[in-house]
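The structure under discussion appears below in the form of structure tokens.
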Amino acid sequence: QKEVEQNSGPLSVPEGAIASLNCTYSDRGSQSFFWYRQYSGKSPELIMFIYSNGDKEDGRFTAQLNKASQYVSLLIRDSQPSDSATYLCAVHAFSGGYNKLIFGAGTRLAVHP
Amino acid sequence: DVKVTQSSRYLVKRTGEKVFLECVQDMDHENMFWYRQDPGLGLRLIYFSYDVKMKEKGDIPEGYSVSREKKERFSLILESASTNQTSMYLCASEEGNQPQHFGDGTRLSIL
């Protein structure tokens with residue numbers, strides 16, 4: 001089992017809709033969770049982080065964390081074509097003797113007009 | 001804002017050359033990382049460092065080495081470049097359980 005799993009997509013949504021991106025992780029002791037956006041040919045850019053169970057909202061973005069289910073999600077409201085990118089879920093987990101940030105493979109989001 | 005600066009955006013080298021990729025961060029972060037990213041393979045950790053003079057192998061260290069002589073600088077070295085090391089290389093820094101911040105990346109081509 002991979003430590004951080006995401007559906008690779010592409011997830012295709014119409015402009016103005018809600019995009020829902022999901023991520024599961026295997027380390028029950030994980031305490032911090034991050035969402036990065038990566039445009040093609042660019043480096044990952046942090047868009048949300050969450051440390052506590054529940055929802056955290058920032059503008060059009062909402063991160064949701066459920067530690068009991070080992071599940072973290074990102075909702076993008078009023079999706080825009082400029083949101084089309086790959087979204088990486090990342091989780092701090094104990095791996096190989098160190099606490100490291102483990103990345104999922106990413107979900108490609110396509111927002112069509 | 002955290003600033004992570006990678007020395008080159010694009011680099012072209014020849015097989016067998018020794019290649020240096022430099023990374024500098026300005027936020028006094030303890031932890032620094034080197035990744036490579038290839039289509040369909042995601043981010044793969046090459047080496048990381050949690051302190052000056054300290055280095056640890058990541059998931060794919062073969063063919064690479066690193067140097068961390070100063071806290072703000074973490075260098076990745078390709079001892080003898082090969083074509084299969086053509087990739088996007090990303091440097092990142094972090095403090096504790098805070099987010100990692102990435103540089104702009106170096107797109108390296110080995111001919």
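In what follows, chains carry the letters A, B, and so on, assigned in the order in which the sequence lines appear, proteins first and then strands, with residues in each chain numbered from 1.
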- Item | Between NZ on residue A:Lys100 and CG on residue B:Asp59, distance to nearest 0.5 Å | 5.5 Å
- Message: Measuring only between side-chain heavy atoms, which start at C-beta, is B:Pro99 closer than 4.5 Å to A:Leu101?
- Response: no
- Note on the structure: Pair count under 4.5 Å, heavy atoms only, with chain A: among B:Gln98, B:Arg107, B:Met88, highest is B:Gln98
- Taking a hydrophobic cluster as the set of Ile, Leu, Val, Met, Phe, Trp and Tyr residues connected by side-chain heavy atoms closer than 4.5 Å, whether directly or through intermediates, do B:Tyr50 and B:Tyr64 fall within one such cluster? no
- Query: At a heavy-atom separation under 4.5 Å, does A:Leu46 approach chain B through its side chain, its backbone, both, or neither?
  - Reply: side chain
- Task: State whether the number of non-hydrogen atoms from other residues, nucleotides or ligands found under 6.0 Å of B:Lys57 atom NZ is greater than 12.
- Result: no
- Note on the structure: Honestly, the part of A:Gln38 sitting under 4.5 Å from a heavy atom of chain B is side chain
- Is chain B contacted by the side chain of A:Phe33, its backbone, both, or neither, given a heavy-atom distance below 4.5 Å? neither
- Item | Polar side-chain atom of A:Ser43 near backbone of B:Gly105 as donor-acceptor pair, under 3.5 Å | no
- Contacting moiety of B:Leu41, where chain A heavy atoms sit under 4.5 Å: neither
- Does the pair A:Phe103 and B:Arg44 meet the rule for a side-chain contact (heavy atoms from CB on, under 4.5 Å), with working shown? CA-CA 9 Å; A:Phe103 287 87; B:Arg44 293 185 289 169; over 6 Å; no
- B:Val24, B:Val4: one ILVMFWY side-chain cluster at the under-4.5 Å cut-off? no
- Within one Ile-Leu-Val-Met-Phe-Trp-Tyr cluster: B:Met32 and B:Tyr47, side-chain cutoff 4.5 Å: yes
- Select one option (side chain, backbone, both, neither) describing which atoms of B:Phe33 are under 4.5 Å from chain A's heavy atoms. neither
- Task: Find out if a path of hydrophobic residues (ILVMFWY) with successive side-chain heavy-atom gaps under 4.5 Å connects A:Val72 to A:Leu75.
- Result: no
- Item | Any side-chain donor near an acceptor of the partner, A:His92 and B:Gln100, under 3.5 Å | no
- Give a yes or no on this: more than 12 heavy atoms of other residues, nucleotides or ligands lie within 6.0 Å of atom CZ of B:Arg14. no
- Query: Are B:Phe102 and B:Phe48 joined in one hydrophobic group, where the rule is that I, L, V, M, F, W and Y side chains link up if heavy atoms are under 4.5 Å apart?
  - Reply: yes
- Item | When A:Ser32, A:Pro44, A:Gly104, A:Gly106 are compared by non-hydrogen pairs under 4.5 Å with chain B, the top option | A:Pro44
